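Note sheet for the following structure.
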Number of protein chains: 2
Amino acid sequence: MRMPHPECTTCKSRGSSLFNFCSCAETEKINLSKTCNIYKKDQVVFHENVFPIGLFCINSGSIKLSKIFSTGKEQILRIARAGDFIGYRSLITNDPYSVTATALEDSTICLIPKGEFHELMQTNKNFYEALLATICKELESTETKVSEIAYKPVRGRIAEALLLLANIYKKEEYINLTREDLASFVGTVKETAIRVVSEFKDEKLISIDKRRIKIINSKGLLQISNLYD
Amino acid sequence: MRMPHPECTTCKSRGSSLFNFCSCAETEKINLSKTCNIYKKDQVVFHENVFPIGLFCINSGSIKLSKIFSTGKEQILRIARAGDFIGYRSLITNDPYSVTATALEDSTICLIPKGEFHELMQTNKNFYEALLATICKELESTETKVSEIAYKPVRGRIAEALLLLANIYKKEEYINLTREDLASFVGTVKETAIRVVSEFKDEKLISIDKRRIKIINSKGLLQISNLYD
DNA sequence: CGGCTGATTGAGCTATGTCAAGGGCAGTGG
DNA sequence: CCACTGCCCTTGACATAGCTCAATCAGCCG
């Protein structure tokens, strides 16, 4: 990929990222040490079981974090967007990645060297604390995901996922995910996801424009999502 | 409950807990500020949506952490035993508990006041780091749980759960969980869990003594568990 | 105009949930 | 020591959500 040149100091995503806790000097230092790449749609950013070399910070685009099974099936655990860090957990524990990160669309991602990240963790208490809080939140949402996959029927899970995705994709107005990815996100198969999405369209809860989904009646979706809580 | 008197300084569980990273002075300080209670089987240690008042440290016994649905169904996320901390996440994020903690058997649990915990986090770097690492591990295992519930059939999930539980219950030699709890742990219902457990018994993978399960052929179970990875 | 990728739809099939009816064992009280 | 009671565990019959497989369609690109 051709090397793009976003600058940390002027990065639009910085305000919503953990780097918001960094001083100007720190930001400048990170800016100098980082490298930056464009990942094309479907390109893998990092693979499960590989050791990390640094911290990925998403400048633009969107990335899915998923576990892939030998059968070819995939479980998407999280979708990360501009301003999000990915791959920091392995950096903290010195373990290989436990998930695979793949670009959902063309994305620009910066790579901050491992050492720089560790130094920041050691020297900037606010950064450290914000990092800890982020992980706690992630853990909570993952725990919620466990119980929902276990007990909510697909219809409820998709309703909820759409609301969550609408929030992630709020700038675009449309949820731009293939039915297959949507299915992997809620733990079902493509065909079932398609059927439920069609139902929602028939029930005027969502509209569809060129495969992309837009929520019309979020209250209705929320109600469906909460049916089994 | 009558007040028991375990001492942090001589606590057998200390070596395997995060307090292992504390100095003698710190341990002594914690010991003085803590209170301690016996929780009877099925007694709730803390409820979802309630704000924490301190850190629970399990001295003996076992505790299930679960989410409970309005339908009465329950998803067990984790089983904690002697030496484990519970409820620290809410303490870090200042949020109410996101899960309910219930004693699986009569258990002794100490409560370290919130302030003491925060002070430790601020002053003891090793403790802080170990805490972060613990959360990261928990997150990873929860993510694994998501994908398994989504794609592994019940048979595989129970095989895996038994191996994991055998490890948790290694001192006792027997896995002492009701079928209902086992079911909630893997995200299924009692009857299905019972049928699978019976199959495993017939296949000589496990033996059963007074409802308690003992693993005979862990390789076989592992194989079943890995069938769909 | 093909050819490709993703969306749809239909027709079974099956794993797993639900409901209902015992069965056994441990603890309790007489 | 025996009967009683209350958990659990177990089993069977049945219902169904959701998976699989297969065929077709629709938009898009070279």
Side-chain angles (χ1 to χ4, degrees), chain A residues 40-43 64 69 71-75 102 104-106 147-159 161-162 174-202 206-214 224 227-228, chain B residues 40-42 64 69 71-75 104-106 147-159 161-162 174-202 206-214 224 227-228:
Chain A
K40 298 296 273 180
K41 180 168 157 50
D42 292 329
Q43 194 178 341
K64 64 177 173 186
F69 298 79
T71 56
K73 290 209 174 161
E74 172 186 34
Q75 173 65 44
T102 313
L104 284 169
E105 59 191 299
D106 294 2
S147 24
E148 294 192 335
I149 291 189
Y151 287 118
K152 249 189 209 180
V154 171
R155 199 176 144 83
R157 302 211 299 275
I158 292 195
L162 290 179
Y174 281 100
I175 298 169
N176 195 8
L177 261 196
T178 67
R179 302 293 180 263
E180 182 121 41
D181 280 331
L182 177 61
S184 300
F185 190 54
V186 302
T188 182
V189 294
K190 185 181 48 182
E191 293 90 334
T192 303
I194 286 169
R195 284 182 241 266
V196 172
V197 166
S198 302
E199 280 171 34
F200 287 171
K201 194 182 69 177
D202 293 346
I206 58 174
S207 68
I208 293 177
D209 173 36
K210 302 197 202 294
R211 299 163 182 173
R212 296 170 315 168
I213 296 169
K214 182 178 187 174
I224 292 170
L227 265 184
Y228 298 85
Chain B
K40 298 296 273 182
K41 180 169 158 48
D42 293 328
K64 64 177 171 185
F69 298 78
T71 56
K73 290 207 175 165
E74 172 186 34
Q75 172 65 45
L104 284 169
E105 59 191 297
D106 294 1
S147 26
E148 294 191 335
I149 291 190
Y151 288 118
K152 248 190 210 181
V154 171
R155 198 176 145 84
R157 302 212 298 276
I158 293 194
L162 290 179
Y174 283 98
I175 297 168
N176 196 9
L177 262 197
T178 67
R179 302 292 181 264
E180 182 120 41
D181 280 331
L182 177 61
S184 301
F185 190 55
V186 304
T188 182
V189 293
K190 184 182 48 183
E191 293 90 334
T192 302
I194 286 168
R195 283 184 241 267
V196 172
V197 166
S198 302
E199 280 171 34
F200 287 171
K201 193 182 70 177
D202 294 347
I206 58 175
S207 69
I208 292 176
D209 174 35
K210 303 198 202 290
R211 299 161 182 174
R212 295 169 316 169
I213 297 169
K214 183 179 186 172
I224 292 171
L227 264 184
Y228 298 86

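A, B, ... follow the sequence lines: proteins, then strands. Residue 1 opens every chain. Quick caveat: nothing in here was measured; it's all calculated off a predicted structure.
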Exercise. Starting at CD of A:E199 and ending at C1' of C:dT9, how long is that distance when rounded to a whole Å?
Worked result: 13 Å
Exercise. Between B:R155 and B:E199, is the closest basic N to carboxylate O distance under 4.0 Å?
Worked result: yes
For this session: Going 5' to 3' through nucleotides 9-25 of chain D, assign each nucleotide B (protein heavy atom under 4.0 Å from a base atom), S (under 4.0 Å only from sugar-phosphate atoms) or - (no protein heavy atom that close).
Result: SBBBB----SSBB----
Seminar exercise, completed: Taking every heavy atom of B:A193 against every heavy atom of B:I158, the minimum-distance pair comes out as CA-CD1, 3.7 Å
Exercise. Between A:R212 (CZ) and D:dC28 (P), how many Å, whole number?
Worked result: 10 Å
Problem set entry | Minimum heavy-atom distance between B:F69 and A:S147, given as atom pair plus value | CZ-CB, 3.4 Å
Exercise. Who passes side-chain contact (heavy atoms from CB on, under 4.5 Å) against A:K41, sequence neighbours left out?
Worked result: A:D106
Exercise. Is a donor on one side and an acceptor on the other found under 3.5 Å between the side chain of A:R211 and the backbone of A:N176?
Worked result: no
For this session: Could you state the atom-to-atom distance from CG of A:L104 to C1' of C:dG6 in whole Å?
Result: 15 Å
Problem set entry | B:K41 NZ to C:dA26 C1', straight-line distance once rounded to whole Å | 13 Å
Exercise. Angle, rounded to 10°, between the helical axes spanning five pairs at each terminus of the helix from C:dC1-D:dG30 to C:dG30-D:dC1?
Worked result: 30°
Exercise. Taking the six-membered ring of B:Y151, is the NZ or CZ of A:K73 close enough (under 6.0 Å from the centre) and on axis enough (within 45°)?
Worked result: no
For this session: Work out which heavy atom in B:G187 is nearest to a heavy atom in A:A150; give both atom names and the distance.
Result: CA-CB, 4.2 Å
For this session: Check whether any side-chain N or O of A:K210 sits under 4.0 Å from OP1 or OP2 of D:dG27, and answer yes or no.
Result: no
Problem set entry | d(CD1, A:I206; P, C:dA7) in whole Å | 13 Å
Problem set entry | Lys/Arg N to Asp/Glu carboxylate O, B:K64 vs B:E74, below 4.0 Å | yes
